[in-house]
Amino acid sequence: MRYCNQCHRMTSGEPLFCNFCGRSYDSKLCPHRHPNSRNAEICSQCGSRDLSTPHPHVPFWLAPLIKLLTVLPGLLLVTASVLLVFGFIRTLLTNQALLFQAVLAGLMLAFLWYLYSRLPHFLRRLLSRLFSRAKRGDHER
Ligand SMILES: [Zn+2]
Ligand SMILES: [Zn+2]
């Protein structure tokens, strides 16, 4: 039984192609059904250019999850930045002794922004690794 990430349906047995949308699973197959990697353009064994389209790598629930995990910290950072700017202006106007702390907080926030800019890439790698491990475990059973 295999699950198709393209049309979200199951095909029984050990199928090479989805019964419903005709996508192949994790490899590209030529008309002779030689398996090729996802990024292959030409079959490595017979030279055919007629390769099947594999289903998407990422399962349907993973994309919104990544989006959510990416958007939430972003909103928090925006809020924190706005608060900091106001805090900074107030510090400038009222208590200049705290200026150093305000600058430090600003630097910390800049660092968080930097981390955040790396986040989507990191999450994608982490989750797809987790997912492929789970799937491999499934396969052995
Ligand atoms: Zn399908
Ligand atoms: Zn081939």
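Whatever order the structure lists ligands and atoms in, that order sets their numbers, starting from 1.
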Within H55, is some N, O or S atom less than 2.8 Å away from the Zn ion (ligand 1)? no
Any N, O or S atom of C21 closer than 2.8 Å to the Zn ion (ligand 1): yes
When rounded to the nearest 0.5 angstrom, what is the spacing between [atom1] in [X] and [atom2] in [Y]?
| X | Y | atom1 | atom2 | result |
| --- | --- | --- | --- | --- |
| L84 | T79 | CG | OG1 | 12.5 Å |
| T11 | R23 | OG1 | CZ | 13.0 Å |
| F88 | L99 | CZ | CG | 5.0 Å |

Looking at every non-hydrogen atom in both residues, tell me the closest pair between R9 and F20 and how far apart they are. CZ-CD2, 3.4 Å
Indicate if the distance from the Zn ion (ligand 2) to the nearest N, O or S atom of H32 falls below 2.8 Å. no
Nearest 10° is fine: what angle sits at the Zn ion (ligand 2) between SG from C43 and SG from C30? 110°
Same cluster (ILVMFWY, side-chain, under 4.5 Å), V78 and Y116: yes
For the Zn ion (ligand 2), what is the closest N, O or S atom on H34? ND1
